[in-house]
K.L.:
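Mind looking over this structure? Questions follow.
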Amino acid sequence: MNLPELETEAIDRIVEMAWEDRTPFEAIAEQFGLQEKQVIALMRREMKASSFRMWRDRVTSRKSKHLYKRDFVAGRFKSANQKT
């Protein structure tokens, strides 16, 4: 997967956002320009294999990680680190 060059701080923030249950992939795309497949590739590269498998299992069972699957509009919490 072709990933753009990202600073360490940006990678850390993407990983943090990907772990958050209520942060959708669309928010990561808007803030960093990475599509869901690129986020998955980044997580695979940055994490241990067991941690990646645990994250993938967690993400695939969450409706909140995709805006079109959500049954609510906004989450209850917005991190101060988020731009939008």
K.L.:
Answer whether the closest heavy-atom distance between the side chains of L3 and R45 falls below 4.5 Å.
P.N.:
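Touching, per the 4.5 Å side-chain cut-off.
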K.L.:
Partners of R56 by side chain to side chain contact (heavy atoms under 4.5 Å, CB included), sequence neighbours excluded?
P.N.:
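Per chain and number, R56 pairs via side chain to side chain contact (heavy atoms under 4.5 Å, CB included) with I40, F52, V59, T60.
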K.L.:
Would R58 and M54 satisfy side-chain contact (heavy atoms from CB on, under 4.5 Å), going step by step from the backbone distance to the final call?
P.N.:
CA-CA 6 Å; R58 182 182 176 93; M54 182 173 53; 5.7 Å; no
K.L.:
Measuring from F25:CZ to E30:CD, what's the distance to the nearest 0.5 Å?
P.N.:
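It comes to 15.5 Å.
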K.L.:
With rounding to the nearest 0.5 Å, note down the distance linking CG in L42 to CD1 in I28.
P.N.:
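Reported value, rounded in 0.5 Å steps: 9.0 Å.
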K.L.:
Passes side-chain contact (heavy atoms from CB on, under 4.5 Å), N2 versus Q38? Steps please.
P.N.:
CA-CA 8 Å; N2 188 13; Q38 292 174 308; 5.8 Å; no
K.L.:
Under the side chain to side chain contact (heavy atoms under 4.5 Å, CB included) rule, collect the residues that match up with A29, sequence neighbours excluded.
P.N.:
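A29 satisfies side chain to side chain contact (heavy atoms under 4.5 Å, CB included) with Q35 once adjacent residues are dropped.
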K.L.:
If only atom types and distance count, is the side chain of W55 paired as donor or acceptor with the main-chain N or O of A18 below 3.5 Å?
P.N.:
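Yes; judged by distance alone, with no hydrogens or angles, the pair exists.
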K.L.:
Going by the rule side chain to side chain contact (heavy atoms under 4.5 Å, CB included), which residues pair with K48 if we only count those two or more places apart in sequence or in a different chain?
P.N.:
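Here the qualifying residues are S50, S51.
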K.L.:
Within the 4.5 Å heavy-atom criterion, are R13 and M17 side-chain neighbours or not?
P.N.:
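Yes, close enough: below the 4.5 Å cut-off.
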K.L.:
Shortest non-hydrogen contact from F32 to A10?
P.N.:
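Between these two residues, the closest heavy atoms are CE2-CB, 3.9 Å.
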K.L.:
Per the side chain to side chain contact (heavy atoms under 4.5 Å, CB included) rule, which among D12, L6, I11 passes with T8?
P.N.:
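Result for side chain to side chain contact (heavy atoms under 4.5 Å, CB included) with T8: D12.
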